[in-house]
Amino acid sequence: MEKTRIAVFVSGGGTNLQALIDAQISGLLSHGQIVLVISSSPEAFALQRAYKNDIPCEVVSKKEYTSQESFEERILQSLDENAIDLIVLAGFMSILSESFTSRFPKRIINVHPSLIPSFCGKGYYGLRVHQAVLAAGVKITGATVHFVNEIPDGGEIIMQKAVAVRGSDTPEKLQKRVMKQAEWQILPRSVEMVCKEMVRSRTKK
Ligand code: GAR
């Protein structure tokens, strides 16, 4: 079986990348293989996780490019060189334009730390999402894995998992619980599901 070739895009701690690596090691992710990690920052701890697991990495930092177009051109070149089939945005904090995302319909997956359509879209990322959840006083939050299209956090939903908000939560505590109980569970499962489908449709041809 020819596995789906995955590129994971990161910017920070990389705990979701770790969940994917662990899923690959345990066999939960069996129809796909992470063959490339692209980081928007040279300081991202996610890079250490990739090095440790012998996954090739590239740093493509937006501030080193004069335009969005040249930044994305550089990414496209890496994707092409590595024959990437599927992109996973795992805490990737740089914006990708519509001209980029439209090249990969149902081939870009994102994990977002809330139950979409709540607390998503422009300005909602990382800890800010959990701050907004606590400020609104909602009792249930969670995480969503979805396909990426031209609408920020607006693509088709693949999987969601709810997490209870506690009275004693701080944004940091809530973030950790949402990661552990939801993101690290549904991201590997969603990626496996999509990879499996891609393998199946390739072998049908
Ligand atoms: C995760 O909580 C992810 O859902 C979030 O950033 C964090 C990255 O953590 N992504 C977004 O907010 C995207 N809108 P990680 O680097 O440890 O995986």
Side-chain angles (χ1 to χ4, degrees), residues 6-24 29 34 36-53 55 57-62 75 86-98 100-101 108-136 138 140-163 165 169-191:
I6 306 167
V8 184
F9 288 21
V10 296
S11 297
T15 63
N16 280 289
L17 168 65
Q18 189 65 54
L20 291 170
I21 294 171
D22 293 347
Q24 205 171 273
L29 174 53
I34 307 164
L36 178 68
V37 167
I38 291 186
S39 175
S40 64
S41 157
E43 268 113 54
F45 185 70
L47 288 169
Q48 304 304 319
R49 300 180 191 270
Y51 292 143
K52 210 174 155 194
N53 290 277
I55 302 168
C57 300
E58 282 178 30
V59 175
V60 186
S61 175
K62 197 151 168 188
I75 295 178
L86 182 70
I87 298 167
V88 179
L89 307 182
F92 187 64
M93 297 303 173
S94 287
I95 306 261
L96 295 168
S97 73
E98 186 176 344
F100 183 96
T101 58
I108 311 178
I109 290 176
N110 182 45
V111 58
H112 182 77
S114 77
L115 292 175
I116 290 175
S118 293
F119 308 105
C120 63
K122 208 167 179 267
Y124 287 102
Y125 57 86
L127 210 54
R128 286 171 180 232
V129 175
H130 306 290
Q131 283 162 348
V133 163
L134 292 177
V138 297
I140 303 282
T141 184
T144 303
V145 175
H146 63 95
F147 286 117
V148 172
N149 64 7
E150 68 291 352
I151 304 157
D153 297 325
E156 185 188 323
I157 292 172
I158 303 169
M159 250 182 234
Q160 291 188 302
K161 192 159 187 277
V163 173
V165 178
D169 272 336
T170 59
E172 290 80 6
K173 278 189 192 168
L174 185 58
Q175 180 182 48
K176 238 180 220 157
R177 206 161 64 258
V178 167
M179 283 177 159
K180 194 168 174 211
Q181 293 183 3
E183 296 182 48
W184 305 341
Q185 310 295 324
I186 63 174
L187 182 63
R189 279 191 241 154
S190 303
V191 171

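Order of appearance sets the numbers: ligands from 1, and atoms from 1 within every ligand.
Listed by number with element, the atoms of ligand 1 under 4.0 angstrom from any heavy atom of Met179 are 1 (C), 2 (O), 9 (O), 17 (O). For ligand 1, the atoms sitting less than 4.0 Å from at least one non-hydrogen atom of Tyr125 are 12 (O), 14 (N), numbered in the order shown with element in parentheses. Which parts of ligand 1 touch Gly13 is read off a 4.0 Å heavy-atom cut-off, strictly below it: atoms 16 (O), 17 (O). Atoms of ligand 1 found under 4.0 Å from any heavy atom of Tyr124, numbered from 1 in the order shown, are 14 (N). With ligand atoms numbered from 1 in the order given, ligand 1 contributes 1 (C), 18 (O) to contacts under 4.0 Å with heavy atoms of Asn16. Atom numbering of ligand 1 starts at 1 in the shown order; those under 4.0 Å from a heavy atom of Glu183 are 1 (C), 2 (O), 3 (C), 4 (O).
With hydrogens left out, the protein atom closest to atom 12 (O) of ligand 1 is Gly126 N, 2.8 Å, a heavy atom. Scanning the protein for heavy atoms near atom 6 (O) of ligand 1, the closest one is Met93 CE, 3.4 Å. Among protein heavy atoms, atom 17 (O) of ligand 1 sits closest to Thr15 OG1, 2.6 Å. Counting only heavy atoms of the protein, atom 14 (N) of ligand 1 lies nearest to His112 ND1, 3.2 Å. Of the protein's heavy atoms, Val111 O, 3.7 Å lies nearest to atom 10 (N) of ligand 1. Nearest protein heavy-atom contact of atom 16 (O) of ligand 1 is Gly14 N, 2.7 Å.
Considering backbone and side-chain N/O atoms, Gly91 never comes within less than 3.5 Å of an N/O atom of ligand 1.
The shortest side-chain heavy-atom distance between Ile87 and Phe100 falls under the 4.5 Å cut-off.
Arg49 places no side-chain N or O within 3.5 Å of a backbone atom of Leu17 that could act as its donor or acceptor partner. Put simply, the side chain of Lys161 never gets that close to the backbone of Ile186: no donor and acceptor are under 3.5 Å apart. Using a distance-only test at 3.5 Å, with no hydrogens or angles considered, no donor-acceptor pair links the side chain of Gln160 to the main chain of Val145. Using a distance-only test at 3.5 Å, with no hydrogens or angles considered, no donor-acceptor pair links the side chain of Ser39 to the main chain of Pro42.
Residue nearest to atom 5 (C) of ligand 1, selected from Cys120, Ser114, Pro113: Pro113 (by heavy-atom distance).
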Exercise for review: Go through Arg177 and Asp169 one step at a time and tell me if the salt bridge (Lys or Arg N to Asp or Glu O under 4.0 Å) criterion holds.
Suggested key: CA-CA 10 Å; Arg177 206 161 64 258; Asp169 272 336; 2.7 Å; yes
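Each of Cys120, Pro171, Pro113 was scored for a side chain to side chain contact (heavy atoms under 4.5 Å, CB included) with Val129, with one residue passing: Pro113. Just one of Asp153, Ile116, Thr144 meets the side chain to side chain contact (heavy atoms under 4.5 Å, CB included) condition when paired with Asn110; it is Asp153.
The environment of CG in Leu127 is crowded: more than 12 heavy-atom neighbours from other residues, nucleotides or ligands sit within 6.0 Å.
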